[in-house]
Amino acid sequence: MADTPVREVVIIGSGPAGLTAAIYTARAGLEPLVLEGEPSSTSDQPGGQLMLTTEVENYPGFPEGVMGPELMMHFKAQAERFGAEVKTVKASKVDLSERPFKVWVGKDVDAEPTYLAKSVIVSTGAQSLMLGLDREVELIGHGLSTCATCDGFFFRDQEIAVVGGGDSALEEAMFLSRFASKIYLLVRRDELRASKIMQDRAMANEKIEIMWNTSLVEYVGDTKIEKVKIQNNVDESISDLDVTGVFIAIGHKPSTALFEGQLDMKDNGYLKTVPGRTATNIEGVFASGDVQDDYYRQAITAAGSGCQAALEAERWLEEQE
Amino acid sequence: MADADILTLTDDNFEMSLGMEETPVLVDFWADWCGPCKGLAVVLEEIAEEQAGNIKIAKVNVDDAPSTTIQHEVLSLPTMIVFKHGEPVAKIPGAQGKDTILEILSEFM
């Protein structure tokens with residue numbers, strides 16, 4: 001451990017928040033280390049949730065829209081241009097109880113820490129919620145998906161279901177309508193949470209049929225999904241729905257497992273910061289992006305808070321000298 | 001970089017190429033419109049370099065190999081399939097971290 005250099009700042013996560021923090025701290029000469037995470041097919045992965053999207057229409061500066069993965073490649077290239085070091089590894093443990101802070105990657109968390117840091121910026125984001133039904137994990141990739149852009153292609157001319165009633169569910173349904181012959185949108189209640197513009201688009205799409213007050217309760221099929229059982233939430237009757245694909249878009253939960261017992265969290269699991277700031281309960285540890293945002297959850301607000309975290313970290317480091 | 005060591009397969013050369021390999025081959029089914037595929041590609045390049053001689057990495061762009069993709073029941077991108085002497089021995093749907101992939105491969109090396 002004596003040989004492990006102490007970094008000025010280690011950034012955990014590589015979505016819009018983490019990479020914006022990297023751009024700012026790199027330009028400040030702090031030579032940030034970004035632990036971008038490991039590939040995964042949920043949203044908890046390098047580049048963050050935008051890696052699972054197609055066209056992003058509301059990120060300022062792109063009047064014609066921009067592809068989510070392309071936008072994130074630009075973020076990363078910009079951070080690297082100023083000297084940020086980005087590693088494709090996932091933090092497996094942190095010890096924030098004393099300074100320098102300790103960060104481990106890989107499975108051996110009893111070994112010496114992999115990295116030491118004067119300050120840490122947490123931008124681990126959020127990951128897709130699943131329904132929690134039997135055999136859910138084993139069916140991912142066998143008809144069950146959390147990434148329409150990855151898997152929609154395989155459901156050409158087939159009937160599929162999308163579960164959820166928010167913007168991301170409707171975006172997925174719209175995207176999938178390019179391939180599938182029919183999309184059942186399963187909505188738990190009798191209304192959608194999605195924005196007006198997305199609702200209008202979805203309702204105008206002839207391939208999308210909204211099934212109100214409907215929950216998916218069981219996946220049927222041995223090696224891949226052959227159909228599903230759905231429940232009508234008004235009369236509680238169960239029926240079969242013949243679909244070969246199911247896309248889940250019921251929302252996200254913050255990725256905070258690493259910090260349990262160390263960083264203060266709200267009741268809903270999001271990291272707590274000083275109001276209007278990114279400072280956490282531990283001096284020198286800052287939180288930005290979706291991991292601490294249970295309200296806006298936009299790429300642009302994540303990027304904004306990544307900038308805030310970088311500036312706060314920079315000033316805090318200066319004060320320590 | 002390690003690109004030279006990674007095979008590119010299409011419908012035309014898929015079976016023939018795999019049958020000829022002595023070492024296990026990990027085939028990565030991907031597409032340029034798939035975000036998570038990009039993250040996985042970086043990891044597979046590292047594995048190709050570090051495990052040269054023990055394992056071969058091959059890539060199939062599903063847009064260039066529709067029959068192969070259907071034949072191997074790929075329903076999700078990325079999907080990795082491990083082949084030994086031309087036969088599929090393991091299927092890994094979804095992007096994974098390096099340690100997980102190496103653990104699965106260790107069974108076949």
Side-chain angles (χ1 to χ4, degrees), chain A residues 14 36-55 67-73 76 86-90 92 105-108 137-156 158 160 175 178 223-225 244-247, chain B residues 1-2 26-50 57 59-82 88 90-106:
Chain A
S14 58
E36 70 168 355
E38 285 185 338
S40 149
S41 283
T42 64
S43 44
D44 189 12
Q45 55 154 321
Q49 294 167 49
L50 285 186
M51 295 304 282
L52 305 183
T53 63
T54 48
E55 192 93 20
M67 300 302 276
E70 190 191 339
L71 180 62
M72 295 321 298
M73 305 293 247
K76 186 174 171 182
V86 182
K87 289 199 174 278
T88 311
V89 293
K90 190 168 179 156
S92 50
V105 304
K107 282 192 183 131
D108 191 3
V137 173
E138 61 181 85
L139 285 169
I140 290 178
H142 301 280
L144 181 62
S145 176
T146 57
C147 178
T149 57
C150 307
D151 304 341
F153 176 81
F154 301 108
F155 296 93
R156 201 176 290 278
Q158 298 178 41
I160 59 174
F175 176 78
R178 298 185 203 175
T223 54
K224 58 183 182 185
I225 290 177
T244 49
V246 176
F247 291 78
Chain B
M1 204 173 66
L26 183 151
V27 182
D28 171 28
F29 289 82
W30 69 286
D32 54 15
W33 34 263
C34 153
C37 296
K38 297 182 204 307
L40 182 66
V42 176
V43 168
L44 292 182
E45 274 174 30
E46 284 178 22
I47 292 179
E49 200 164 345
E50 291 169 15
I57 306 286
K59 297 182 73 104
V60 172
N61 183 329
V62 298
D63 286 322
D64 299 336
S67 317
T68 307
T69 305
I70 292 167
Q71 189 195 336
H72 291 285
E73 293 193 319
V74 173
L75 288 180
S76 178
L77 288 189
T79 286
M80 292 171 274
I81 302 182
V82 185
K91 188 171 183 182
I92 316 164
Q96 308 286 341
K98 190 169 165 183
D99 289 348
T100 311
I101 297 171
L102 285 175
E103 205 176 298
I104 295 168
L105 288 178
S106 66

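Basis for what follows: all heavy atoms, side chains included, without hydrogens, waters or symmetry-related copies.
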Peer 1: Give the intermediate values and the outcome of side-chain contact (heavy atoms from CB on, under 4.5 Å) for residues B:K38 and A:M73.
Peer 2: CA-CA 10 Å; B:K38 297 182 204 307; A:M73 305 293 247; 3.5 Å; yes

Peer 1: Which atoms form the tightest heavy-atom contact between A:D151 and B:L77, and what is the distance?
Peer 2: OD1-N, 2.8 Å

Peer 1: Considering only residues two or more places apart or on different chains, which pairs with a residue in residues 96-106 of chain B satisfy salt bridge (charged side-chain N to carboxylate O under 4.0 Å, His left out)?
Peer 2: A:K107-B:E103, B:E46-B:K98, B:E50-B:K98

Peer 1: What distance do B:L75 atom CG and A:F155 atom CZ have between them, rounded to the nearest 0.5 Å?
Peer 2: 5.0 Å

Peer 1: Would you list the pairs meeting salt bridge (charged side-chain N to carboxylate O under 4.0 Å, His left out) in which at least one residue belongs to residues 59-77 of chain B, sequence neighbours left out?
Peer 2: A:K224-B:E73, B:D28-B:K59

Peer 1: Less than 4.5 Å apart, side chain to side chain, heavy atoms only: is that true for B:W33 and A:T149?
Peer 2: no

Peer 1: Nearest heavy-atom pair of B:C34 and A:C150: which atoms, and what distance?
Peer 2: SG-SG, 4.3 Å

Peer 1: Tell me whether B:K91 at atom NZ has more than 12 heavy atoms from other residues, nucleotides or ligands lying less than 6.0 Å away.
Peer 2: yes

Peer 1: Is A:S145 close to chain B through its backbone or its side chain, or both, or neither, when contacts mean heavy atoms under 4.5 Å?
Peer 2: neither

Peer 1: Looking only at heavy atoms, which two atoms of A:S40 and B:P36 are closest? And how far apart?
Peer 2: O-CB, 3.9 Å

Peer 1: If you look at every heavy atom in B:V62 and A:F153, which pair is closest and at what distance?
Peer 2: CG2-CE2, 3.8 Å

Peer 1: Name the member of A:M67, A:M72, A:M51 that forms the most heavy-atom pairs with chain B at distances under 4.5 Å.
Peer 2: A:M51

Peer 1: Does any non-hydrogen side-chain atom of B:P93 lie less than 4.5 Å from one of A:I140?
Peer 2: no

